[in-house]
J.: 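There's a structure below that I have some questions on.
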Amino acid sequence: MAASQASLLLQKQLRDLCKTPVDGFSAGLVDESNIFEWRVTIIGPPDTLYEGGFFIAIMSFPSNYPNSPPTVRFTSEMWHPNVYPDGKVCISILHPPGDDPSGYELASERWSPVHTVESIVLSIISMLSSPNDESPANVEAAKEWRERRDEFRKKVSRCVRKSQEML
C-alpha cells in the first residue's frame, strides 16, 4: 500500500516539475519503468564557485516516501564539505525524522513528509552556495574550505570543467 501511495505522489511531483520547471535544475527518471529513481541535473548556482557546472545526481526514494527521505548521490565529481567522497549528499533535511542521536540537529531541521523533490533540490543548491563546515561529510574538503581556500577553489574549478565536458 505504501509503495503505491509513494508512487502516486512521485508521479504527481514529476508531472508538476515537467509542467512548471524550476530555475537551477531539471529532473527526470533514470528509467521510465522505475518512479523511485530520479536523475537530477543541478546547474551550479550563479556567483558561487560551482557556477557554470552541470552536476548530475541520483535521487533514490524509499517505498515509504514521503515518511522517509530519499538518498541523493552525485554521480558527477563533487568537491564539497557536505558531500561524502562517494557523492552522497549530507544535509539535515535528508536525515531520518526525529531526534538526532548525536544531538547536533534539531528534529525540526531533519526530514519531514512536507518536503518535495523541489524543496530537496533547492536545499542542495543552497548547500552549494554556502557549505556547512561544522558538520562535514568530507573532512578534507571542509579543512581546505577553512584553511586553504585557493586549493579548494582549484578543485571545485576542476569539477566544474569536468561537468561541462560530460555534457
Side-chain angles (χ1 to χ4, degrees), residues 13 17 22-28 30 36-62 65-167:
Q13 289 184 22
L17 284 171
V22 177
D23 278 353
F25 76 94
S26 64
V30 171
F36 292 94
E37 195 160 78
W38 292 35
R39 180 180 190 268
V40 180
T41 303
I42 296 174
I43 300 161
D47 304 319
T48 71
L49 298 177
Y50 300 90
E51 182 172 20
F54 296 90
F55 303 100
I56 309 299
I58 302 296
M59 292 182 87
S60 301
F61 296 88
Y65 176 82
N67 295 322
S68 294
T71 57
V72 181
R73 192 176 62 77
F74 280 103
T75 56
S76 301
E77 192 175 317
M78 177 59 69
W79 185 248
H80 191 283
N82 308 116
V83 177
Y84 286 99
D86 71 355
K88 188 174 178 196
V89 174
C90 179
I91 53 176
S92 300
I93 67 163
L94 293 176
H95 295 159
D99 291 325
D100 179 3
S102 63
Y104 179 75
E105 300 165 333
L106 299 173
S108 60
E109 297 172 319
R110 293 167 71 89
W111 178 256
S112 160
V114 299
H115 286 295
T116 62
V117 171
E118 179 179 340
S119 69
I120 295 164
V121 178
L122 291 175
S123 292
I124 293 170
I125 292 169
S126 172
M127 171 203 81
L128 291 177
S129 302
S130 48
N132 172 1
D133 62 359
E134 289 176 25
S135 173
N138 184 329
V139 176
E140 276 307 303
K143 273 171 74 172
E144 243 178 42
W145 167 257
R146 278 194 301 262
E147 299 164 11
R148 299 185 310 279
R149 194 67 60 97
D150 283 350
E151 278 301 304
F152 184 86
R153 275 194 188 95
K154 283 179 193 162
K155 284 186 181 160
V156 171
S157 290
R158 269 198 304 274
C159 291
V160 169
R161 272 196 312 278
K162 272 189 174 172
S163 78
Q164 292 166 339
E165 291 165 4
M166 300 305 281
L167 288 179

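It should be emphasised that the depicted structure is a prediction, and the values quoted were computed from it without experimental measurement.
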J.: Okay, side chain of R39, backbone of V30: is any donor-acceptor separation there less than 3.5 Å?
T.: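 Judged by distance alone, no pair lies under 3.5 Å.
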
J.: Quick one: list whatever passes side-chain contact (heavy atoms from CB on, under 4.5 Å) with E144, sequence neighbours left out.
T.: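 Once residues adjacent in sequence are excluded, the partners of E144 under the side-chain contact (heavy atoms from CB on, under 4.5 Å) criterion are W79, R148, E151, F152, K155.
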
J.: Would you say the side chain of Q13 lies within less than 4.5 Å of the side chain of F61, judging by non-hydrogen atoms?
T.: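 No, every pair of side-chain atoms sits at 4.5 Å or beyond.
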
J.: If you define the side chain from C-beta out and look only at heavy atoms, does anything of L49 sit under 4.5 Å from S157?
T.: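 Contact flag for L49/S157 side chains = no.
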
J.: Can you run down the salt bridge (charged side-chain N to carboxylate O under 4.0 Å, His left out) pairs that involve residues 119-130, sequence neighbours left out, and say none if there aren't any?
T.: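 Counting only pairs at least two positions apart or across chains, no salt bridge (charged side-chain N to carboxylate O under 4.0 Å, His left out) contact touches residues 119-130.
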
J.: Using 30° and 60° as the class limits, which term best fits the ring planes of F55 and Y50: parallel, tilted or perpendicular?
T.: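 Perpendicular, since the angle between the ring planes exceeds 60°.
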
J.: What residues form a salt bridge (charged side-chain N to carboxylate O under 4.0 Å, His left out) with R73, not counting sequence neighbours?
T.: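 Per chain and number, R73 pairs via salt bridge (charged side-chain N to carboxylate O under 4.0 Å, His left out) with no residue.
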
J.: Pairs of donor and acceptor atoms involving the side chains of residues 133-141, under 3.5 Å and at least two apart or interchain, shall be tabulated with distances.
T.:
residue : atom : partner : partner atom : Å
N138    : OD1  : E140    : N            : 3.2
N138    : OD1  : A141    : N            : 2.9

J.: For D150, give me all partners under side-chain contact (heavy atoms from CB on, under 4.5 Å), at least two apart in sequence or on another chain.
T.: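 In terms of side-chain contact (heavy atoms from CB on, under 4.5 Å), with neighbours along the sequence ignored, D150 is linked to R153.
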
J.: How about E37 and S60: do any of their side-chain heavy atoms sit closer than 4.5 Å?
T.: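 Heavy-atom side-chain distance check passes, below 4.5 Å.
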
J.: Measure the acute angle between the ring planes of W111 and H115, then classify it against the limits of 30° and 60° as parallel, tilted or perpendicular.
T.: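 Tilted, since the angle between the ring planes falls between 30° and 60°.
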
J.: Tell me which pairs pass salt bridge (charged side-chain N to carboxylate O under 4.0 Å, His left out) where either residue lies in residues 75-93, with sequence neighbours left out.
T.: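 The answer is E77-K162.
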
